[in-house]
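Report on the structure given below.
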Amino acid sequence: MAASALSAALAATLLLAAATAGADEAPCTRRPVVFAFGDSNTDTGGAAAALGNYFPLPEGRAHFRRSTGRLCDGRLVIDYLCESLNMSYLSPYLEALGSDFSNGANFAISGSTTMPRDRPFALHVQVQQFLHFKQRSLDLITHGENVPVDAAGFRNALYVIDIGQNDLSAAFSSRLHYDDVVRKRIPAILSEIKDAIMTLYYNGAKNFWVHGTGPLGCLPQKLAEATADDGDLDDSGCLRTLNNGSYEFNSQLCSVCDRLTTQLKGATIVYTDILSIKYDLVANHSGYGFEEPLMACCGHGGPPYNYDINVSCLGPGYRVCEDGSKFLSWDGVHYTDAANAVVAAKILSAEFSTPRVPFGYFCKA
């Protein structure tokens, strides 16, 4: 079987297995509602709507066959998670035309960070947008208007948070000392995530799904920026220092989630270890049917990373691979549709989540 066919088949098998594993669980007894906050890993078109950015084909070529505003050749992890609940994909909050908010809304915007907190579209700003969306909905209800999400919908919804990668990436790119990143910058980032969770909680949210960051040191972007010194590369070809920083971020984020679970009565806060999932994909890529774990499908420069900071995917002179399902990385930063399918299946298994509850727990009685 060709590698592309193998990876596609394996991704489908993993998703089916994840769905089967949850088959013993009761199906959703109420309409699932999801509100998502984050960066380009979760952005389903927010940057396109907010800033007028247009990401033409080959973005979206693997599934949608058209531009969707996603920085991917197809679906993101959040799309696969929505599929697992048989719900529609999340519409960007700022998309004026064709939006369907009956299953929630997506506030994630590509390039978003946690700091500075008042800069568009930082996590704090995304939360404020949600509060406006909720208050506006409730106001309309009092005037007899029909709205996509009612009070019960907001109360029982799942609040997904996946942010911090851009903050952490910028911290290391600024050449801050590793200890300064771990002891000063990471706690500051996590303080904003904690504040977002608490703000949502005190405005009625009780179900949270929080993703850790992935292995920064395995991104073609970071590998291409590294110096010629290979002493920092591990056995998988990834940068140890950046991955250690990712691990520290996730370890501290998991602790924050644990403390908030104790502090916020009635809240369920699930932390998912995305780093372990994605690093396993790199280290054991051939077992998943992938051929290129560290090279971008869409970029410039050719092997080993096909990433050039001056010629990004869609930039003048870029080149795109014929079959993205052989690659983990789409553009040096974001994963391919095929890789996202495997990541989503691992998330749905609950094996990497603390506590180990099924993704659809929030929509069941």
Side-chain angles (χ1 to χ4, degrees), residues 22 25 28 30-39 41-43 76-78 80-82 84-85 87 90 93 103-108 112 114 117 122-131 133-134 149 151-165 167 189-213 249-275 277 343-344 346-365:
E25 299 286 340
C28 284
R30 53 177 171 260
R31 175 168 50 94
V33 176
V34 177
F35 294 105
F37 307 84
D39 51 32
N41 291 314
T42 307
D43 182 359
L76 307 179
V77 168
I78 190 67
Y80 281 108
L81 296 180
C82 288
S84 76
L85 300 175
M87 58 176 274
L90 293 180
Y93 166 66
N103 286 118
N106 193 349
F107 297 86
S112 291
T114 64
R117 71 189 325 249
L123 178 59
H124 172 73
V125 173
Q126 293 179 27
V127 171
Q128 294 304 305
Q129 290 176 317
F130 164 76
L131 295 179
F133 179 85
K134 179 181 179 181
V149 181
F154 285 108
R155 182 172 59 254
N156 295 317
L158 182 68
Y159 295 79
V160 177
I161 298 177
D162 185 345
I163 201 166
Q165 178 175 313
D167 294 273
I189 299 169
L190 298 181
S191 177
E192 291 298 320
I193 296 176
K194 176 183 177 181
D195 180 78
I197 294 173
M198 293 183 68
T199 299
L200 292 169
Y201 173 80
Y202 286 115
N203 280 276
K206 62 179 180 179
N207 301 307
F208 299 90
W209 195 273
V210 182
H211 285 175
T213 195
F249 175 87
N250 287 350
S251 178
Q252 294 186 37
L253 176 59
C254 185
S255 295
V256 167
C257 292
D258 286 343
R259 290 194 297 271
L260 286 176
T261 296
T262 301
Q263 178 182 346
L264 304 179
K265 184 178 180 181
T268 300
I269 304 174
V270 180
Y271 163 80
T272 299
D273 182 6
I274 300 297
L275 189 151
I277 294 173
V343 173
K346 297 281 190 178
I347 292 172
L348 291 170
S349 75
E351 179 182 351
F352 299 89
S353 294
T354 306
R356 290 193 177 187
V357 299
F359 179 72
Y361 78 92
F362 68 99
C363 60
K364 300 164 185 174

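Given the structure is predicted, the values throughout are model-derived calculations rather than measurements.
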ask   = By side chain to side chain donor-acceptor pair (under 3.5 Å), which residues pair with D162, not counting sequence neighbours?
value = H211
request  = Could I get the full list of salt bridge (charged side-chain N to carboxylate O under 4.0 Å, His left out) partners for D195, not counting sequence neighbours?
outcome  = R117
key: Minimum heavy-atom distance L190-F249, with the two atoms named   = CD2-CE1, 3.7 Å
query = Taking all atoms of both residues into account, what is the closest heavy-atom pair of S112 and G38, and its distance?
reply = CB-O, 3.5 Å
ask   = Below 4.5 Å, heavy atoms only, C-beta onward: do T42 and N106 meet side chain to side chain?
value = yes
request  = Rounded to the nearest 0.5 Å, what's the gap from OH on Y201 to NZ on K265? Could you check?
outcome  = 8.0 Å
ask   = With a 4.5 Å heavy-atom cut-off, do F352 and I347 have their side chains touching?
value = no
request  = Verify side-chain contact (heavy atoms from CB on, under 4.5 Å) between S353 and Y271, making sure each step is shown before the conclusion.
outcome  = CA-CA 6 Å; S353 294; Y271 163 80; over 6 Å; no
request  = Would you sort out whether C257 and T354 count as a side-chain contact (heavy atoms from CB on, under 4.5 Å), showing the intermediate values?
outcome  = CA-CA 9 Å; C257 292; T354 306; over 6 Å; no
task = Please say which of I163, D167, L123 ends up in a side-chain contact (heavy atoms from CB on, under 4.5 Å) with I189.
result = D167
request  = State, with a plain yes or no, whether a side-chain heavy atom of I161 is found less than 4.5 Å away from one of I197.
outcome  = yes
With sequence neighbours excluded, residues passing side chain to side chain contact (heavy atoms under 4.5 Å, CB included) with V33 = R31, F35, V149, A157
key: Test side-chain hydrogen bond (donor to acceptor under 3.5 Å, both in side chains) applied to D39 and Q165, step by step   = CA-CA 8 Å; D39 51 32; Q165 178 175 313; 5.9 Å; no
request  = Take E351 and K346 through the side-chain contact (heavy atoms from CB on, under 4.5 Å) test and state the conclusion after the steps.
outcome  = CA-CA 7 Å; E351 179 182 351; K346 297 281 190 178; 5.6 Å; no
query = Are the side chains of L76 and N41 in touch, meaning some heavy atoms are under 4.5 Å apart?
reply = no
message = Nearest 0.5 Å, please: how far is CD1 in I277 from OG in S349?
response = 6.5 Å
Pairwise side-chain contact, M87 with C28, heavy-atom cut-off 4.5 Å (strictly under) = no
request  = Hey, could you give me the CZ/CG distance between F130 and L200, rounded to the nearest 0.5 Å?
outcome  = 6.0 Å
request  = Could I get the full list of side chain to side chain contact (heavy atoms under 4.5 Å, CB included) partners for T261, not counting sequence neighbours?
outcome  = I269
key: Mutual orientation of the aromatic rings belonging to F133 and Y93 [parallel < 30°, tilted 30-60°, perpendicular > 60°]   = perpendicular
message = Working note: W209 + Y159, criterion ring-ring contact (aromatic ring centres under 6.0 Å, His included); need CA distance, chi angles, decisive distance, verdict.
response = CA-CA 6 Å; W209 195 273; Y159 295 79; over 10 Å; no
inquiry  = Would you say that Y361 contacts V270 through its side chain, given a criterion of any heavy-atom pair below 4.5 Å between the two side chains?
reply    = yes
key: Residues that N156 engages under side chain to side chain contact (heavy atoms under 4.5 Å, CB included), provided they are two or more places apart   = R30, A152, K206
remark   = Rounded to the nearest 0.5 angstrom, the CG-CG distance for L253 and L275 is 12.0 Å
ask   = Would you say the side chain of H124 lies within less than 4.5 Å of the side chain of V127, judging by non-hydrogen atoms?
value = no
key: Counterpart residues, side chain to side chain contact (heavy atoms under 4.5 Å, CB included), relative to Q263 (two or more places apart)   = M198, L260
note = CG (L158) and CZ (F362) are apart, to the nearest 0.5 Å, by 4.5 Å
note = In terms of heavy-atom contacts, F37 and Q126 come closest through CA-OE1, 3.3 Å
message = Do Y80 and V343 have side chains that approach each other closer than 4.5 Å (heavy atoms only, starting at C-beta)?
response = no
